[in-house]
Student: 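Mind looking over this structure? Questions follow.
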Amino acid sequence: MICRAISPPRDRNFFLSLIKQATTISHLDQTHAQIIHNNLVTDNITITKLIQKLLDFKSHVRAKLLFSNTDSPDLFLYNVLIKGLRNSPFDSLCMYRSLLQKHGFEPDNFTYSFVIAALSDTVLWNTIISGLVKTCCFDESLQVFRDMVKRTKSFDSTTLAVVLSSIAELLEMKTGMMVQALALKIGCHSHDHVLTCLVSLYSKCGDIFTARLLFNLIGKPDLVAYNAMISGYSCNGETELSVQLFQELLLSGCKVSSSTIVGLIPVFYPFGYLDLTRSIHGFCVKSNFLLNSSISTALTTVYSRLNELELARKLFDESPEKTLASWNAMISGYAQNGQTETAISLFHEMQNLNIQPNPVTVTSILSACAQLGALGLGKWVHDLIKKECFESNIYVSTALIDMYTKCGSIDEARTVFNSLQEKNVVTWNSMISGYGLHGYGHEALKLFDEMLLSGISPTGVTFVSILYACSHAGLVKEGERIFHSMVSDHGFEPNSEHYACMVDILGRAGKLEEAVEFINKMPIKPGPAEWGALLGGCMVHKNSNLARLASDQLFELDPENVGYRVLLSNIYSNNQNYDRAASLRQVVRRKNLVKTPGCTLIEVNGQQHVFTSSDRAHPQLKGIYAMLEKLMGKMKDAGYLAETVTTALHDVEEEEKEIMLSVHSEKLAIAFGLMMSEEGGEIRIIKNLRVCLDCHNFTKFVSGITERVIIVRDANRFHRFENGACSCGDYW
DNA sequence: GGGCGGTCTG
């Protein structure tokens with residue numbers, strides 16, 4: 001077609017006018033062919049005009065191709081290209097760089113104005129957005145992006161890729177899909193890096209199916225794309241597929257990177273891939289990947305989650321370059337597995353090495369303090385948080401609330417709660433369960449309503465917390481109302497924990513028959529939690545027949561658990577059924593089941609003291625026993641009778657029982673607390689088991705006689721003793 | 001263009 005149009009040789013002006021008049025790309029094609037025919041391709045003026053016209057027609061690819069075939073481009077041609085490519089700022093900047101590097105031209109004022117025009121359109125915006133993403137200001141980066149879309153239409157694939165990674169962090173699937181639509185609109189949806197970001201976004205939002213479809217659209221996935229997909233499978237619990245893709249990558253002969261391994265390590269639920277973790281570990285040893293701190297941190301984490309703390313610690317100790325994340329992984333590993341003292345001592349070690357903690361570190365330490373009841377250390381950490389300005393971090397403030405409620409300072413917790421600008425569902429849950437722990441059922445219910453009003457959706461945990469609060473405050477009607485609203489208003493399918501809470505509510509309130517009926521009507525098979533709750537209710541209300549029913553189920557479901565046998569034995573003793581009580585204890589002994597020994601902790605001047613039953617080890621023992629004797633004398637005058645019958649495990653002589661009871665660990669701790677504190681000061685103790693009836697009674701008397709407030713945290717809740725009464729209303 | 005560490009129930 002083109003050949004037919006070729007005419008005899010013409011001069012440059014002729015072609016310039018042809019170019020100027022061209023109204024379609026095909027006109028330009030014809031003109032281009034004639035220029036080639038007339039050997040005018042080396043004429044910069046003609047070629048420049050041609051390129052300019054191509055750029056006017058937005059045919060950037062053709063313009064760039066023509067330019068790359070130009071032997072000696074001059075400054076003017078460069079300027080034309082930089083200006084014409086301003087809507088593809090990346091290309092525009094590439095031209096500018098090539099101008100400086102390849103040809104050594106001095107750019108003129110026009111060059112600069114064109115570069116700046118390109119920059120202000122897109123690159124400047126992209127730089128700001130990616131800067132925000134790099135500093136984890138994801139919300140702000142989205143705001144800037146929205147601004148950019150509003151003010152200029154010139155976002156490019158780089159913008160979208162950066163924004164998508166931000167959206168993936170925020171898990172805003174809907175926004176992500178809108179950006180995906182924009183990508184389709186401007187024709188960069190099929191760009192590999194955009195697709196890779198989309199794979200990552202869909203994986204993080206849990207839609208692994210779509211993620212895989214998008215991955216399949218990438219023609220020849222590079223390592224980064226593979227890494228996104230491998231880690232996507234892994235964090236969605238598709239461990240086998242993750243490993244499969246990893247093997248595929250290895251077979252393709254590709255050299256994997258540290259990111260590949262980090263993504264592959266199964267740190268997410270479901271746990272239990274110990275063998276796989278060991279083989280990844282082995283692979284890392286062979287390929288020297290353990291020198292990489294990210295990999296050794298990820299392995300430390302997964303071993304911790306598998307309860308393999310020794311393996312985790314070995315990795316941590318052998319890691320040549322410990323980052324803050326390595327320390328945090330190890331500390332949280334200990335804290336989450338209940339090795340709270342080790343967590344704290346590792347924290348102190350870190351401090352001695354002058355390594356500054358970050359919000360992640362203090363969150364774990366606060367969790368350890370909460371479990372331990374270490375109020376002194378918790379307050380010290382709170383000061384540190386204020387000093388370092390970590391208060392705005394939602395994890396930190398939530399952990400702080402949890403620490404204060406579990407250390408008995410519910411008012412402090414509420415102060416922190418009120419001061420927060422941002423609260424998520426976990427924050428609300430912590431405060432609600434805190435009120436439950438302290439027996440403040442009505443406050444918990446009020447807070448629950450406030451939470452719904454503020455637009456936060458409750459989770460399963462919220463309902464456990466609120467039902468638990470109802471149970472500990474004897475709020476049967478309210479509990480039943482919440483349970484029903486959970487199903488009908490919030491569309492939740494109750495799980496075993498929720499059913500157990502309801503059994504607990506009914507059982508504690510003495511509605512034992514109703515509780516049994518409730519269990520029988522459950523749509524799922526009742527487990528240890530439900531029967532255990534029933535047994536607890538039977539103990540409070542001294543019903544040995546139903547206790548028998550519950551324990552038969554429990555012994556079958558959980559034969560190794562001693563607690564249930566002890567509970568049943570207490571119920572028998574209580575009904576003077578000493579034979580049965582004794583035979584149960586025989587079973588415990590014969591089966592070599594170990595009863596958790598009771599112990600009580602008290603903090604004096606920031607130092608923790610632990611007492612066990614009939615403790616003989618404490619250096620101030622003499623004083624403690626003297627104090628105890630003095631108290632007993634005064635209490636007997638006031639009408640105290642040891643609750644031997646209901647509490648003791650053994651059918652021994654009355655006097656002997658009394659001696660046994662008198663040395664329960666909480667009594668020792670209270671006596672010690674009285675000795676060590678100022679007149680009128682509060683005493684706080686923490687017990688690992690549920691407080692027994694006698695100790696509860698004892699503490700009520702002590703609070704009356706000594707005019708002290710005594711706060712006791714037991715395995716279930718808080719008791720605040722004041723003027724001879726307890727905040728639980730003898731209901732626990 | 002991708003990766004590791006943190007809060008709430010029983």
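Letters A, B, ... are given to chains in the order of the sequence lines, protein chains preceding strands, and every chain is numbered from 1. As the structure is a prediction and not an experimental result, all values here were calculated from the model.
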Student: Pairing donors with acceptors under 3.5 angstrom, does anything connect the side chains of A:Asp714 and A:Asn688?
Tutor: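 Side chains of A:Asp714 and A:Asn688: no pair found under 3.5 Å.
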Student: Is a donor-acceptor pair below 3.5 Å formed from side chain A:Asn393 to base B:dG6, judging by atom type as modelled?
Tutor: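 Yes, the side chain and the base share a sub-3.5 Å donor-acceptor pair.
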Student: So does A:Ser258 reach the base of B:dG3 with its side chain, donor to acceptor, closer than 3.5 Å?
Tutor: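 Yes, the side chain and the base share a sub-3.5 Å donor-acceptor pair.
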Student: If I take atom CD1 in residue A:Ile295 and atom C1' in nucleotide B:dG2, what distance separates them, rounded to the nearest angstrom?
Tutor: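 About 13 Å, once rounded to whole Å.
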Student: It should be established whether A:Arg305 places a side-chain nitrogen or oxygen under 4.0 Å from OP1 or OP2 of nucleotide B:dC4.
Tutor: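 False: A:Arg305 side-chain N/O out of range (4.0 Å or more) of B:dC4 OP1/OP2.
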Student: Between atom NE2 in A:His193 and atom C1' in B:dG1, what is the gap in whole Å?
Tutor: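 Roughly 7 Å, once rounded to whole Å.
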Student: Look at the side chain of A:Asp222 against the base of B:dG1 and say whether a donor-acceptor pair falls under 3.5 Å; ignore hydrogens and angles.
Tutor: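 Side chain to base: pair present.
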Student: Nearest whole angstrom, please: distance from the C1' of B:dT9 to the CD of A:Gln336.
Tutor: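 Roughly 15 Å, once rounded to whole Å.
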Student: Quickly work out the A:Asp402 CG to B:dC8 P distance and round it to whole Å.
Tutor: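 Result: 5 Å.
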Student: With sequence neighbours left out, write down each residue that passes side chain to side chain contact (heavy atoms under 4.5 Å, CB included) with A:Val425, or none if nothing qualifies.
Tutor: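 A:Val425: side chain to side chain contact (heavy atoms under 4.5 Å, CB included) contacts with A:Asn429, A:Met451, A:Ile456, A:Thr459, A:Thr462.
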Student: Once side-chain hydrogen bond (donor to acceptor under 3.5 Å, both in side chains) is applied, do any residues pair with A:Ser259, and if so which ones, sequence neighbours excluded?
Tutor: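 Not a single residue meets the side-chain hydrogen bond (donor to acceptor under 3.5 Å, both in side chains) criterion with A:Ser259.
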Student: Could you tell me the separation between the CG atom of A:Leu264 and the P atom of B:dG3, rounded to a whole number of Å?
Tutor: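 Value for this atom pair: 15 Å.
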Student: Using atom CD1 of A:Ile331 as one end and atom P of B:dT7 as the other, report the distance to the nearest whole Å.
Tutor: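 Value for this atom pair: 12 Å.
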Student: Between A:Glu412 and A:Ser409, is any side-chain donor less than 3.5 angstrom from a side-chain acceptor?
Tutor: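 Side-chain D/A pair, A:Glu412 to A:Ser409: absent.
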Student: If only side-chain N and O atoms of A:Ser294 are considered, is one of them under 4.0 Å from the OP1 or OP2 phosphate oxygen of B:dG3?
Tutor: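 For B:dG3, neither OP1 nor OP2 has a side-chain N or O of A:Ser294 closer than 4.0 Å.
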Student: Measure CD1/A:Ile401 against P/B:dT9 and give the value in whole Å, please.
Tutor: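 Taking atom P of B:dT9 as the reference, CD1 of A:Ile401 is at 13 Å.
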Student: Would you say the side chain of A:Ser257 and the base of B:dG2 hold a donor-acceptor pair, judged only by whether the two atoms sit under 3.5 Å apart?
Tutor: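 Answer is yes: a donor-acceptor pair is held.
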Student: Measure from CD1 on A:Ile394 to P on B:dC8 and round the result to the nearest Å.
Tutor: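 So the two atoms are 13 Å apart, to the nearest Å.
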